[in-house]
Chemist: 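Mind having a look at this structure? Questions to follow.
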Amino acid sequence: MHKLPPSFYTRRTLTVAKDLLGKIFVRKIGKKILSGKIVEVEAYLHNDPACHAFRGMTERNKVMFNEGGYLYVYFTYGVHYCANIVTYKKGIGEAVLIRAVEPIEGIEVMKKSRYSDVSHREDVRDLYNLTNGPAKFAQAFGLEREQNGISLLGDEIFLLQGEQIPPSKIIATTRIGITAGKERKWRFYIRDNPWISKR
DNA sequence: TCCACGATCGGCT
DNA sequence: GCCGATCGTGGAG
């Protein structure tokens, strides 16, 4: 399996969003490798009121204005981080939020990141709860302010080819947790996978 | 300078 | 189903 090339990310955002399903997100931390298959995403376009870049470039969203192929991580609700893949051309301001992945490698490390202090249940629900939401994914993979703006063409964080998901297995529906632009069906996920985020 | 609020989560009713 | 946590951001003044 090989690393996705720049040309993968610089296509139209809705195309990239659907195509991200089935790809493998990889993070190297020292000798540890964390990886997971992307199973749910949401697209945010520049002329879309729910998009952070809708009102132009600011200190927070400036990474979104790079050409596709960067990681955009932001802090929200005073508690959580969420991670996006920057898409399309330089100067536009579009990205795809990663909402859920299926863990593959580094599951023990992810559990430590997610359940740092208290003891947790050792049943299958742990595996699902590890990465079945955007902030859960970011926490499991240790994605915070420091990772904002990292190039996905480098060797620390990148995506691998993974599997091709046929259109018949991709569900398109409305995005979660937004107040504007609700009607757009830009949330995409792989049908019948147990890591779908809730609500 | 101020202040309302958010691309969420987990716990409680 | 609902609510509180918790704070950086950016639009308003």
Side-chain angles (χ1 to χ4, degrees), chain A residues 9 13-14 16-18 20-21 25 36 38-66 68 70-88 92-103 110-150 152 170-190 194-199:
Chain A
Y9 302 102
T13 298
L14 292 175
V16 179
K18 284 177 266 194
L20 278 169
L21 297 176
F25 186 100
I38 299 173
V39 300
E40 178 182 351
V41 300
E42 282 178 0
Y44 287 88
L45 274 59
H46 73 282
N47 56 355
D48 154 25
C51 179
H52 287 175
F54 180 61
R55 290 179 178 78
M57 195 188 302
T58 67
E59 189 56 32
R60 174 174 71 156
N61 68 23
K62 60 185 179 186
V63 170
M64 292 181 74
F65 288 83
N66 283 308
Y70 288 82
L71 193 69
Y72 167 51
V73 182
Y74 69 91
F75 182 64
T76 191
Y77 292 104
V79 196
H80 301 295
Y81 291 92
C82 293
N84 299 251
I85 307 295
V86 176
T87 53
Y88 206 38
I92 306 291
E94 304 196 346
V96 177
L97 172 71
I98 300 181
R99 288 198 60 90
V101 307
E102 173 184 335
M110 294 184 204
K111 283 186 177 175
K112 281 181 187 163
S113 303
R114 291 271 297 125
Y115 312 112
S116 52
D117 42 356
V118 294
S119 60
H120 58 280
R121 309 174 307 275
E122 275 297 339
D123 61 32
V124 69
R125 283 174 298 175
D126 284 341
L127 199 53
Y128 296 150
N129 285 327
L130 219 43
T131 51
N132 63 348
K136 296 180 186 181
F137 159 71
Q139 187 180 30
F141 279 72
L143 304 175
E144 302 186 353
R145 183 172 302 277
E146 201 176 322
Q147 283 67 45
N148 184 38
I150 286 183
L152 300 173
I170 298 178
I171 309 291
T173 182
T174 54
R175 294 170 294 177
I176 294 178
I178 56 172
T179 54
K182 280 181 173 166
E183 67 292 345
R184 296 170 165 88
K185 295 188 175 176
W186 290 347
R187 173 180 178 231
F188 305 102
Y189 62 88
I190 302 175
W195 278 273
I196 291 302
S197 62
K198 313 197 189 281
R199 301 161 223 270

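Naming convention: chains lettered A, B, ... in sequence-line order (proteins, then strands); numbering from 1 in each chain. All heavy atoms count here, side chains included; hydrogens, waters and symmetry mates do not.
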Chemist: Could you check how far CZ of Phe54(A) sits from C1' of dG11(C), rounded to whole Å?
Modeler: 14 Å
Chemist: I'd like to check Val63(A) versus Tyr74(A) (side-chain heavy atoms, cut-off strictly below 4.5 Å). Are they in contact?
Modeler: no
Chemist: Does dG8(C) have OP1 or OP2 sitting under 4.0 Å from an N or O in the side chain of Arg145(A)?
Modeler: no
Chemist: When we call it a touch if two heavy atoms are under 4.0 Å apart, what does Leu97(A) touch: a base, just sugar-phosphate, or nothing?
Modeler: base
Chemist: Does either side chain, that of Tyr88(A) or that of His46(A), offer a donor lying less than 3.5 Å from an acceptor on the other one?
Modeler: no
Chemist: Specify the separation, in whole Å, of atom NZ of Lys198(A) and atom C1' of dG1(C).
Modeler: 15 Å
Chemist: For Arg175(A), which contact category applies under a 4.0 Å heavy-atom criterion: base, sugar-phosphate, or nothing?
Modeler: nothing
Chemist: Starting from P on dG10(B), measure out to CZ on Arg114(A) and report it in whole angstrom.
Modeler: 5 Å
Chemist: If every non-hydrogen atom of Arg184(A) is compared with every non-hydrogen atom of Pro49(A), which pair is closest and at what distance?
Modeler: NH1-CD, 3.5 Å
Chemist: To the nearest Å, give me how far apart CD1 (Ile178(A)) and P (dC5(B)) are.
Modeler: 17 Å
Chemist: Taking NE2 from His80(A) and P from dT8(B), how many angstroms apart are they, rounded to a whole number?
Modeler: 9 Å
Chemist: Where the side chain of Tyr44(A) is defined as all heavy atoms beyond and including C-beta, which of dC9(B), dA7(B), dT9(C) is the nearest nucleotide?
Modeler: dA7(B)
Chemist: Remember a base hit wins even if backbone is also touched, and classify Lys136(A) as base, sugar-phosphate or nothing at under 4.0 Å, heavy atoms.
Modeler: sugar-phosphate
Chemist: Are more than 12 heavy atoms from other residues, nucleotides or ligands located less than 6.0 Å from atom CD of Glu59(A)?
Modeler: no
Chemist: What does dG11(B) pair with, Watson-Crick or G-U, if both distances are under 3.5 Å?
Modeler: dC2(C)
Chemist: In whole Å, what is the span from the CD atom of Gln139(A) to the P atom of dA5(C)?
Modeler: 19 Å
Chemist: Select one nucleotide: of dT6(C), dA7(B), dT9(C), the one nearest the side-chain heavy atoms of Val79(A).
Modeler: dT6(C)
Chemist: Can you classify the ring geometry of Phe137(A) versus Phe25(A) as parallel (below 30°), tilted (30 to 60°) or perpendicular (above 60°)?
Modeler: perpendicular
Chemist: Take atom P in dA7(B) and the same atom in dG1(C), then report the distance between them in whole Å.
Modeler: 22 Å
Chemist: Considering all heavy atoms of both residues, which atom of Ala95(A) and which atom of Thr87(A) are nearest to each other, and what is their separation?
Modeler: N-OG1, 3.6 Å
Chemist: Can you tell me if Tyr74(A) is stacked onto the base of dA7(B), using a 5.5 Å centroid cut-off and an angle below 30°?
Modeler: no
Chemist: What is the separation between atom CD on Glu59(A) and atom C1' on dG11(C), rounded to the nearest whole Å?
Modeler: 16 Å
Chemist: Among dG10(B), dG10(C), dG6(B), which is the nearest nucleotide to the side chain of Tyr77(A)?
Modeler: dG6(B)
Chemist: Taking for each residue the nucleotide of DNA chain C with the nearest heavy atom, is it Phe75(A) or Arg55(A) whose nucleotide lies nearer the 5' end?
Modeler: Phe75(A)
Chemist: For dC5(B), give the paired nucleotide (Watson-Crick: N1-N3 plus N6-O4 or O6-N4; G-U: N1-O2 and O6-N3; both under 3.5 Å), or none.
Modeler: dG8(C)
Chemist: Round to the nearest Å and state the distance from Asp48(A) atom CG to dA7(B) atom P.
Modeler: 11 Å
Chemist: For Ala135(A), which contact category applies under a 4.0 Å heavy-atom criterion: base, sugar-phosphate, or nothing?
Modeler: sugar-phosphate
